[in-house]
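To start, the structure under review is shown below, and the notes come after it.
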Amino acid sequence: MTAYKYARVPEGGERIEVSGGEFQVPNKPIIPFIEGDGTGPDIWAASVRVFDAAVALAYGGKRKVAWMEILAGEKAFKTTGEWMPAETLEAVREFKIAIKGPLTTPVGGGIRSLNVALRQELDLYACIRPVRYFQGVGAPMKHPEKVNIVIFRENVEDVYSGIEFRAGTPEADKLRAFLKTEFNKNVREGSAIGIKPMSPFGSKRLMAMAIKYALKRGRKSVTIMHKGNIMKFTEGGFKDWCYEEAREQFGTLTVTEADVGKAGSTARADAVIIKDRIADSMFQQLLLRPEEYEVIATPNLNGDYVSDAAAAQVGGLGIAPGGNVGDNAAVFEATHGTAPKYAGLNKINPGSVILSGVMMFEQMGWQEAADLIMRGMEHAITAKTVTYDLARQMPGSTEVSTSAFGDAVIAGMKS
């Protein structure tokens with residue numbers, strides 16, 4: 001076991017292992033957590049009580065999480081002088097599954113995104129974002145209950161790969177000259193330049209994970225979201241590679257939308273239907289016909305946009321969970337920002353981290369605990385006992401604090 005300078009490995013805890021792409025979880029797993037910046041401490045304090053209550057209620061003491069705090073963000077910088085200490089990454093590598101609150105990243109300069117760093121350093125290549133409606137939440141849609149999708153966003157390629165050059169720098173000028181000399185491609189003088197790499201390997205493994213999820217969860221379709229009509233070799237390649245993966249690896253379990261159309265009434269009803277949609281059309285489709293989409297596989301930037309937009313359709317990021325999953329590790333996280341003006345006020349909605357915990361327990365195979373938390377969330381929201389962000393959208397609701405919402409979720413699990 002690795003020696004840690006800042007983190008403390010809990011006594012009696014056991015390591016999660018990975019075998020054949022599956023997480024092997026003992027009865028007392030060590031799970032690292034990052035508290036988060038801004039409102040992170042308030043959110044984590046409420047969330048961890050919910051997690052522990054769910055596990056205790058589901059398993060009667062036979063299972064228990066051994067929590068291990070690891071550092072990232074502002075707390076890490078104040079303690080270690082680094083925003084992302086090497087031992088934090090090593091802890092996730094060693095213990096396989098972790099959960100985190102929101103982390104600060106300055107816009108336009110300063111430290112690189114810590115979230116992106118975690119994803120790339122640990123090869124957490126799929127960002128998984130379930131989006132569903134909770135009865136009673138105020139939402140802008142007439143029928144928000146029709147939205148029930150899971151977005152699989154490629155997490156380490158595309159424009160998030162970090163290959164970009166500031167306008168006016170020698171590097172940008174050199175690349176601009178190279179493009180002109182070698183490929184006769186003109187880039188306006190003084191431009192910033194970014195590179196968008198996308199590979200068959202990265203695209204296919206994402207699609208494989210999306211299809212496996214659909215098969216396991218009884219989802220009837222996987223839709224490839226892309227902008228391949230314009231970016232023909234990157235996003236167009238993504239579309240083609242995803243179709244190839246479905247055909248080559250899941251040929252007996254999937255069928256294309258085009259083939260279903262040709263088959264008519266004789267179409268296979270037992271196969272997952274593979275569709276594709278242009279990215280801008282996908283946004284419209286989710287507004288007008290959301291019930292036709294169940295799983296979406298998409299490149300990095302598209303996935304960033306569509307997951308937040310879809311969350312807005314059902315009430316906002318306060319109830320939008322997320323997970324970053326690879327073949328050897330997984331980190332579950334809040335999908336919203338740090339909201340520093342509310343830090344320490346015990347006010348912010350902990351729902352994103354709580355629901356990310358549901359995803360975490362599902363990944364661990366602890367479905368009973370996951371189901372209890374979901375029941376608790378549904379009970380609290382139906383009873384209109386909610387934090388300010390939901391209360392302002394729900395006439396007749398009772399606005400409660402972060403910690404009181406956690407209490408309401410725990411009470412709902414026991415009802």
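Below, all heavy atoms of this structure are taken into account, side chains as well, without hydrogens, waters or symmetry copies. Computed from a prediction, not measured in an experiment: that's the story for all the values here.
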Is the NZ atom of K212 crowded by more than 12 outside heavy atoms at less than 6.0 Å?
->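 No, not enclosed.
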Can you establish whether the number of heavy atoms outside Y59 located under 6.0 Å from its atom OH is more than 12?
->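 Enclosed.
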Determine, for [X] against [Y], whether the closest basic-nitrogen to carboxylate-oxygen distance falls under 4.0 angstrom.
{"X": "E90", "Y": "R93", "result": "yes"}
{"X": "R205", "Y": "D123", "result": "yes"}
{"X": "E378", "Y": "R132", "result": "yes"}
{"X": "K347", "Y": "E399", "result": "yes"}
{"X": "E35", "Y": "K75", "result": "yes"}
{"X": "E11", "Y": "K28", "result": "no"}
{"X": "E69", "Y": "R8", "result": "no"}
{"X": "K275", "Y": "E292", "result": "no"}

Residues in ring pair (Phe, Tyr, Trp, His ring centres under 6.0 Å) with F33, at least two apart?
->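 Ring pair (Phe, Tyr, Trp, His ring centres under 6.0 Å) check on F33 returns W44.
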For a 4.5 angstrom cut-off between non-hydrogen side-chain atoms, does [X] reach [Y]?
{"X": "K414", "Y": "I410", "answer": "yes"}
{"X": "I348", "Y": "T387", "answer": "no"}
{"X": "F283", "Y": "M225", "answer": "yes"}

Where do S415 and R375 come nearest, in terms of heavy atoms and distance?
->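 Closest approach of S415 to R375, heavy atoms only: O-NH2, 3.6 Å.
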Check the pair K204 / E248 against salt bridge (Lys or Arg N to Asp or Glu O under 4.0 Å), numbers first and verdict last.
-> CA-CA 10 Å; K204 288 184 175 185; E248 294 169 2; 3.8 Å; yes
Could you state the interatomic distance from [atom1] ([X]) to [atom2] ([Y]), rounded to the nearest 0.5 Å?
{"X": "S199", "Y": "D158", "atom1": "OG", "atom2": "CG", "value": "11.0 Å"}
{"X": "S221", "Y": "I211", "atom1": "OG", "atom2": "CD1", "value": "11.5 Å"}
{"X": "L286", "Y": "I149", "atom1": "CG", "atom2": "CD1", "value": "5.0 Å"}

Quick one: does NZ or CZ of R277 land under 6.0 Å from the six-membered ring centre of Y293, within 45 degrees of the ring axis?
->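 Not satisfied by the 6.0 Å and 45° rule.
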Stepwise salt bridge (Lys or Arg N to Asp or Glu O under 4.0 Å) check, R119 with E333 | CA-CA 12 Å; R119 295 164 186 168; E333 64 179 357; 3.0 Å; yes
